[in-house]
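Here the structure comes first, spelled out in structure tokens, and everything after it is commentary.
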Number of protein chains: 6
Amino acid sequence: MKGLTHLDAAGQAHMVDVSAKPATSRMATAEGVVRMRAETLALIRAGDAKKGDVLGTARLAGIMAAKKTHDLIPLCHPLALSKITVDLALDDALPGVRVTATAKVSGQTGVEMEALTAVSVACLTIYDMVKAVDRGMEIGAIRLLAKSGGQSGDFRRDEAGTEEKP
Amino acid sequence: MKGLTHLDAAGQAHMVDVSAKPATSRMATAEGVVRMRAETLALIRAGDAKKGDVLGTARLAGIMAAKKTHDLIPLCHPLALSKITVDLALDDALPGVRVTATAKVSGQTGVEMEALTAVSVACLTIYDMVKAVDRGMEIGAIRLLAKSGGQSGDFRRDEAGTEEKP
Amino acid sequence: MKGLTHLDAAGQAHMVDVSAKPATSRMATAEGVVRMRAETLALIRAGDAKKGDVLGTARLAGIMAAKKTHDLIPLCHPLALSKITVDLALDDALPGVRVTATAKVSGQTGVEMEALTAVSVACLTIYDMVKAVDRGMEIGAIRLLAKSGGQSGDFRRDEAGTEEKP
Amino acid sequence: MKGLTHLDAAGQAHMVDVSAKPATSRMATAEGVVRMRAETLALIRAGDAKKGDVLGTARLAGIMAAKKTHDLIPLCHPLALSKITVDLALDDALPGVRVTATAKVSGQTGVEMEALTAVSVACLTIYDMVKAVDRGMEIGAIRLLAKSGGQSGDFRRDEAGTEEKP
Amino acid sequence: MKGLTHLDAAGQAHMVDVSAKPATSRMATAEGVVRMRAETLALIRAGDAKKGDVLGTARLAGIMAAKKTHDLIPLCHPLALSKITVDLALDDALPGVRVTATAKVSGQTGVEMEALTAVSVACLTIYDMVKAVDRGMEIGAIRLLAKSGGQSGDFRRDEAGTEEKP
Amino acid sequence: MKGLTHLDAAGQAHMVDVSAKPATSRMATAEGVVRMRAETLALIRAGDAKKGDVLGTARLAGIMAAKKTHDLIPLCHPLALSKITVDLALDDALPGVRVTATAKVSGQTGVEMEALTAVSVACLTIYDMVKAVDRGMEIGAIRLLAKSGGQSGDFRRDEAGTEEKP
């Protein structure tokens, strides 16, 4: 297990120096869920059937938040993202909404935090839009699904939730 | 179950009009966790023993993010927050870090989203600072613990995870 | 005709001091249009029939931009907006999209700029989303429709486009 | 007429993936006007003779807004702009102020939105600074004048307001 | 000497809870200087004689930065500022530019940081605009001149640079 | 002495066009100090011995502010910073805190303003955190220590405070 690259020799927080890294094509995908009552999900589904606004609003909030990642996470580098997608699926088994986000960049550092930030803010937006009817919702299972590009190698979460390197 | 206050008659997203609400004292507390390997938690604990930077950085990121809530969540009102606290505790039982945030305001609308946003961004910051050693971490259990002030009444999550109104 | 309140005695830009003004209920409504080819409008209408995304995205962009007004317009005061609405209507007569926005606040200064900023950014967002098929679009007719509250009295634009005070 | 590149197969809003595009030199010029009473224009001209603050403030607001374009327009990519200019001219024929903005970048996507955003916010700033004496002003004729670089070819608006490709 | 109100019992950074404080009228004035070569000052003076842009740009940058104070200083509360002024004076004795800023608010906490932030960013902007001809400039003497309103009493710096309470 | 590159032929503020410049590796280091009473410094030192929060908070504020430089300084270009470090040292000789910041980028323009902005905001944050016990503090000696990369050549401030080119 390596040391924490965000802590320097004296243990103080710092931005990792990526200036010597080559700019390569990088991609990351993350997911998360908002668990809610079945009635709350039904309400979103009904609203969505008409205008799609809960999901549409959450999708845009996630995309816009990904562009603010370096402004939210203190030691993240600013990145010129080339793509962000946020997908939302209603899931009766949860019951709730499943959010998946993918970020891409050609740059010197990875985009895991951008994908995770997009997921988190999309989930928060769903919470905000239905909290009037269900304060007991829970946001969870926010995690990295896959990552490619960069020196540390590719990563893909396997189904058992443990890591594998394909 | 009431309708979704963020969707108007035509089902379109809009900011709820709070102009007729009185400005009252409001407070909300939320929590969340970052689950990680025991070795990762040990690394944070050791770093924390020296300089406290992982937890200190996450605490500040959470506080600063709470002030950006209305910039992240599309339909949230801007609020002049009077207090934000973010507390972090290492928890061997998870294993991982437990984050709790409280927001206060004297205003026309509640601060649940500010507390939840502080928790989410603090969790993302922890993830960012230790991701080099543990990409399999998971952020979860982000939920409202308590809420007071405002027309909709007080809320307190009971231990079983279901709602109660004290 | 009064002098320009944003220019002080020496002609230098400054924020008007509103500290002595009472906090009153204020509202402003503004409108604007995006003129485009009839085929472009048809494309938006067809897309809208399916998912409503062009109009939905522009609506949210306008709402979020209203909250950033003081960050965009150098001498605007920060305001705790209590409501923002953005409405979009397809108009075959233009042909194009007509955007209307209303902002409300209880504060010491008016919200004309917030309504106008919401309209402007909603129009820019429509432009962005369909520019790939129509670079000749034109944004125009951005103007204040009505304003109430505050010392300067109410304002309502009459049909001939000249001012009246009802 | 091509399809709308901002809408994916399912009609949902998304950021266009530009990661496969080469970084080329791109430029865009846009314009717009603020129409006002002749007396209002005279007031700006008189103030401008002394200190230039209305036009100077609007110029800076436009430049700074161009840098925020990706934060305002939901599906715009963040770009490392290499140049932004905003020019303002008093025009007795309108009567009013004519605003022209040019943006340049070496990047994977065009800068039309940056030029149009600079124009829009400069116009809004002019409105803000003289609204105390003229609430009937109108912002209009915001449009792309020219664009170069990128796969879609160059664009130049001809005098009749229709498109031509030189 | 009181303890540090930003550090809680455990020594962790937190925002001070101002929710129990009354909203009172508060004002703060701060100053600072940019020291430079006499030739550099002459260049600003000559430029200023024509268009006033170095000073005009710095003034606006200071005003806009004051509105961002809570976004820059981690533990500052967001405030609805009612006034910000930034004044700049060329001073041959330095030689350089002297910057003074005043902020006002009706709120629960003071505006020293807003005044100091306005001064700092105005000074940085001056540095930026003339750095091509003088990299040896120095920004200094940034300090609070006066403060009124709030529980801690009024403050006015005396000429000797030590504090007095009038 | 060259002319001011931020002023165009007509003396109006504009962003310098860097589009023709090659992207080279650039670095800048700046410093500044916060002078305070010896008792205030002792208080920071005591707090720091326990949890390091004053210095830790200032360090993060400086790092985050460097990423906002183009949003604060009107004519600065947005840059994809590859590294920012902020170091703080308690100095009994001042007495006070000495702040040093270094910024790196591979880009078309220098990073002096990023380093100077990091220093300034770190100093302001220190002021904010101890102002309750010492309102007479002074921020000063903010200056560029060294700069490398770019057409204008390297710069290193010598001990006498005058410039030299090594």
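Values reported hereafter were calculated over all heavy atoms of this structure, with side chains retained and with hydrogens, waters and symmetry mates removed. Naming convention: chains lettered A, B, ... in sequence-line order (proteins, then strands); numbering from 1 in each chain. Note that the coordinates shown come from a computational prediction; the quantities given were computed from them, not determined experimentally.
Between chain C and the residues D:M64, D:K147, D:R35, the most heavy-atom pairs under 4.5 angstrom are made by D:K147. Top candidate by heavy-atom pairs under 4.5 Å with chain C, chosen from D:V33, D:T69, D:V121, D:I73, is D:I73. When each of D:G140, D:A141, D:A65 is checked for heavy-atom pairs under 4.5 Å with chain C, D:A141 comes out on top.
Looking at D:L116 and C:I139, their side chains never come closer than 4.5 Å, going by heavy atoms from C-beta outward. Residues C:E112 and D:R135 meet the side-chain proximity criterion, which asks for heavy atoms closer than 4.5 Å. Counting only heavy atoms from C-beta outward, the side chains of C:L60 and D:P74 never approach each other to under 4.5 Å.
Interface residue D:C76: backbone and side-chain heavy atoms are both found under 4.5 Å from chain C. Both the backbone and the side chain of D:T125 come within contact range of chain C, each with at least one heavy atom under 4.5 Å from a heavy atom of that chain.
Nearest heavy-atom pair across D:M113 and C:K131 is SD-CD, 4.1 Å. Listed here is the closest heavy atom pair of C:M129 and D:A13: CE-CB, 4.3 Å.
Atom-to-atom distance recorded for D:D128:CG and C:T117:OG1 is 8.5 Å, nearest 0.5 angstrom. Taking CG of C:L75 as the reference point, atom OG1 of D:T57 lies at 5.5 Å (rounded to 0.5 Å). To the nearest 0.5 Å, atoms CG (D:D71) and NZ (C:K68) are separated by 4.0 Å. The OH atom of C:Y127 sits 4.0 Å away from the CG atom of D:L144 when rounded to the nearest 0.5 Å.
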